[in-house]
Engineer: 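Structure incoming, see below.
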Amino acid sequence: GTLQLGDSSVAGASPGLAAGTGVNITSGATVVVDQGPFEQVAFSDLNGSGTLVQQGAGRTLLNGVSFGFSGTYDVQNGLMSVADASAFGFPSEVRLASGTLFEYLDTSGFSPSALSPTTFSGTGTVALGDGVFFGAGTTIAPGMSPGIFNIDADFDATGLIYDWELDNALGVAGIDWDLIAVDGDLTLGSFDLNVSGLGNNLFDGAQFEIISATGAVSGVPVIGTLT
């Protein structure tokens, strides 16, 4: 079943969960958070394997001890924030609609936190705090069909699992084939590329930009052949 917390159409209707309130979303169940644009709902003890939906224009904060959740974080609107490593569960899936933001702050100040094994999909943006990185075994699947997945941080692609879709070989990156857009430095290393679609107009010698970066690029680009 589905439980909705809050109503963004009514000012001040978003619920406040007391610190330490346990929320268990069982498999097949969904909790929808629908808060206004300046409102926040915090989960400090989240468990289960169902789906947590961020539907409102405000912010859902994951803090406390919520690493027992291994379901789906579905960000359809607004912002979802993870305070530190103890507040995020593995393995899990993060779905990001266009214009949404998922930020992993890691305010703990301890050792670096790896976001793996986690699957990220959609066309939103992931922002990572200091000491947070994706880690080997992370899967990224841009778009709901070909699209752009945005990373607001330095990105090391080593060990990545990249689910890449091609629709039209004569088209544009991010529209006709998937693109990971990095707003930061990019390190290229060995990663797995799972190709689907292959679409239209594929020709011998075709080349595709599948990861872009605004900063410095290190590592050796690998040129492969689709057969």
Engineer: Does the pair Thr119 and Val94 meet the rule for a side-chain contact (heavy atoms from CB on, under 4.5 Å), with working shown?
Structural biologist: CA-CA 6 Å; Thr119 297; Val94 179; over 6 Å; no
Engineer: Would you check if the side chain of Gln54 reaches a backbone N or O of Gly56 as a donor-acceptor pair within less than 3.5 Å?
Structural biologist: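 The answer is yes, because a donor-acceptor pair under 3.5 Å joins these two groups.
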Engineer: Among all residues two or more places apart in sequence or in another chain, which pass the side chain to side chain contact (heavy atoms under 4.5 Å, CB included) test with Asn201?
Structural biologist: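 Checked Asn201 against side chain to side chain contact (heavy atoms under 4.5 Å, CB included); matches are Asn168, Leu170.
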Engineer: I need the minimum non-hydrogen distance between Ala97 and Thr123, along with the two atoms involved.
Structural biologist: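 It is C-OG1, 3.8 Å.
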Engineer: Side-chain contact, heavy-atom cut-off 4.5 Å: Leu61 with Gln40?
Structural biologist: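 Yes, close enough: below the 4.5 Å cut-off.
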Engineer: Could you tell me which residues satisfy side chain to side chain donor-acceptor pair (under 3.5 Å) with Asn200, sequence neighbours excluded, listed by chain and number?
Structural biologist: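 For Asn200 there are no side chain to side chain donor-acceptor pair (under 3.5 Å) partners, ignoring immediate neighbours.
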Engineer: Enumerate the residue pairs fulfilling ring pair (Phe, Tyr, Trp, His ring centres under 6.0 Å) with a member in residues 78-99, sequence neighbours excluded, ordered by first and then second residue.
Structural biologist: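 Ring pair (Phe, Tyr, Trp, His ring centres under 6.0 Å) check on residues 78-99 returns Tyr73-Phe88, Phe88-Phe90, Phe88-Phe102, Phe88-Tyr104.
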Engineer: Taking the side chain from Trp164 and the backbone from Asp178, do they hold a donor-acceptor pair closer than 3.5 Å?
Structural biologist: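 Yes, Trp164 side chain to Asp178 backbone: donor-acceptor pair under 3.5 Å.
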Engineer: If you look only at pairs with a residue in residues 85-104, which of them pass as a salt bridge (charged side-chain N to carboxylate O under 4.0 Å, His left out), with sequence neighbours excluded?
Structural biologist: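 Checked against salt bridge (charged side-chain N to carboxylate O under 4.0 Å, His left out) - neighbours excluded - the pairs reaching residues 85-104 are Arg59-Glu103, Glu93-Arg95.
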Engineer: Got a donor-acceptor contact below 3.5 angstrom from the Asp34 side chain to the Asp7 backbone?
Structural biologist: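 No.
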Engineer: Rounded to the nearest 0.5 Å, what separation is found between the CD1 atom of Ile180 and the CD1 atom of Ile140?
Structural biologist: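 The distance works out to 4.0 Å.
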Engineer: Enter the distance from Leu128:CG to Asp154:CG here, rounded to the nearest 0.5 Å.
Structural biologist: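 These two atoms lie 9.5 Å from each other.
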Engineer: Please examine the side chains of Ile148 and Pro142, heavy atoms only from C-beta on, and report whether any two atoms are closer than 4.5 Å.
Structural biologist: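 The answer is no; the side chains never approach within 4.5 Å.
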Engineer: Scan residues 60-74 for pairs that pass salt bridge (charged side-chain N to carboxylate O under 4.0 Å, His left out), counting only residues two or more places apart or in two chains.
Structural biologist: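 Passing the test, one end in residues 60-74: no pairs.
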Engineer: Between Gln55 and Gln4, does the side-chain contact (heavy atoms from CB on, under 4.5 Å) criterion hold? Intermediate values first, please.
Structural biologist: CA-CA 10 Å; Gln55 181 174 286; Gln4 178 170 316; 4.3 Å; yes
Engineer: Compute whether any side-chain donor of one residue and acceptor of the other, for Asn194 and Asp163, lie under 3.5 angstrom apart.
Structural biologist: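 Indeed, the side chains of Asn194 and Asp163 share at least one donor-acceptor pair under 3.5 Å.
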Engineer: So Tyr162 and Phe191, would you call those rings parallel, tilted or perpendicular, with 30° and 60° as cut-offs?
Structural biologist: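 Ring orientation, 0 to 90° scale: tilted.
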Engineer: Atom CZ of Phe208 and atom CG of Leu179: how far apart are they, to the nearest 0.5 Å?
Structural biologist: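 Reported to 0.5 Å precision, the distance equals 13.0 Å.
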Engineer: Does Phe43 have its ring centroid less than 6.0 Å away from the ring centroid of Phe69?
Structural biologist: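 Between Phe69 and Phe43, which both carry aromatic rings, the centre distance is not below 6.0 Å.
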Engineer: Not counting sequence neighbours, which residues clear side chain to side chain contact (heavy atoms under 4.5 Å, CB included) with Thr30? List them please.
Structural biologist: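 Residues passing side chain to side chain contact (heavy atoms under 4.5 Å, CB included) with Thr30: Thr2, Val32, Thr51, Val53.
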Engineer: How many angstroms lie between CZ in Phe120 and CG in Asn150, if you round to the nearest 0.5 Å?
Structural biologist: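 Going from CZ on Phe120 over to CG on Asn150, the span is 13.0 Å.
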Engineer: Mind checking side chain to side chain contact (heavy atoms under 4.5 Å, CB included) for Ser27 and listing every partner two or more places apart, or none if nothing turns up?
Structural biologist: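 Ser27 satisfies side chain to side chain contact (heavy atoms under 4.5 Å, CB included) with Ser49 once adjacent residues are dropped.
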Engineer: Examine distances only and state if a side-chain atom of Asp167 and a backbone atom of Asp176 form a donor-acceptor pair shorter than 3.5 Å.
Structural biologist: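 No; judged by distance alone, with no hydrogens or angles, the pair does not exist.
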Engineer: Mind checking whether Leu193 and Leu186 sit in one hydrophobic cluster, side chains of I, L, V, M, F, W, Y counted as touching below 4.5 Å?
Structural biologist: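 Yes, Leu193 connects to Leu186 through the hydrophobic network.
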Engineer: Out of curiosity, Thr125 OG1 to Ile151 CD1, how far, rounded to the nearest 0.5 Å?
Structural biologist: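 Here the interatomic distance stands at 9.5 Å.
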Engineer: Quick one: salt bridge (charged side-chain N to carboxylate O under 4.0 Å, His left out) pairs with a partner in residues 200-213, sequence neighbours left out?
Structural biologist: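 For residues 200-213: none.
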Engineer: Determine whether Met144 and Leu101 fall in the same hydrophobic cluster, where Ile, Leu, Val, Met, Phe, Trp and Tyr are linked whenever their side-chain heavy atoms lie under 4.5 Å apart.
Structural biologist: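 Unlinked, Met144 and Leu101 end up in two clusters.
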Engineer: Do side-chain atoms of Thr187 reach the backbone of Asp156 as a donor and acceptor pair under 3.5 angstrom?
Structural biologist: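 No; judged by distance alone, with no hydrogens or angles, the pair does not exist.
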Engineer: At their closest point, which heavy atom of Val75 faces which heavy atom of Met80, and how far apart are they?
Structural biologist: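 The pair with the smallest heavy-atom distance is CG2-CB, 4.0 Å.
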Engineer: Using the test side chain to side chain donor-acceptor pair (under 3.5 Å), find all partners of Asp185 that sit at least two apart in sequence or belong to another chain.
Structural biologist: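 None.
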Engineer: Does any pair with a residue in residues 23-32 pass salt bridge (charged side-chain N to carboxylate O under 4.0 Å, His left out), and if so which ones, sequence neighbours excluded?
Structural biologist: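 Not a single pair qualifies under salt bridge (charged side-chain N to carboxylate O under 4.0 Å, His left out).
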Engineer: Using the rule that Ile, Leu, Val, Met, Phe, Trp and Tyr join whenever any side-chain heavy atoms are under 4.5 Å apart, tell me whether Leu188 and Leu160 fall into a single cluster.
Structural biologist: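 Cluster IDs for Leu188 and Leu160 match.
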Engineer: Please test Leu62 against Leu52 for side-chain contact (heavy atoms from CB on, under 4.5 Å), starting from the C-alpha separation and ending with a verdict.
Structural biologist: CA-CA 11 Å; Leu62 305 173; Leu52 176 63; 4.0 Å; yes
Engineer: Are Val182 and Phe134 connected in a single hydrophobic cluster, I mean Ile/Leu/Val/Met/Phe/Trp/Tyr linked by side-chain heavy atoms less than 4.5 Å apart?
Structural biologist: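 Cluster IDs for Phe134 and Val182 match.
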Engineer: Holding to side chain to side chain contact (heavy atoms under 4.5 Å, CB included), I want the full list of residues that pass it with Ala29, two or more places apart in sequence or in another chain.
Structural biologist: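 Ile25, Thr26.
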Engineer: Taking the side chain as every heavy atom from C-beta outward, state whether Asn47 and Asp45 have any atom pair closer than 4.5 Å.
Structural biologist: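 Heavy-atom side-chain distance check passes, below 4.5 Å.
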Engineer: Would you check if the side chain of Ser66 reaches a backbone N or O of Leu46 as a donor-acceptor pair within less than 3.5 Å?
Structural biologist: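 Side chain of Ser66 to backbone of Leu46: a pair is present.
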Engineer: Treat each ILVMFWY residue as a node, draw an edge where side-chain heavy atoms are under 4.5 Å apart, and state whether Trp177 and Ile161 are in one component.
Structural biologist: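 No.
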Engineer: Pairs of donor and acceptor atoms involving the side chains of residues 210-217, under 3.5 Å and at least two apart or interchain, shall be tabulated with distances.
Structural biologist:
from	atom 1	to	atom 2	distance (Å)
Thr214	OG1	Asp183	OD1	3.0
Thr214	OG1	Gly184	N	3.0

Engineer: Got a second to check how far Ser8's OG is from Glu39's CD, nearest 0.5 Å?
Structural biologist: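 It comes to 8.5 Å.
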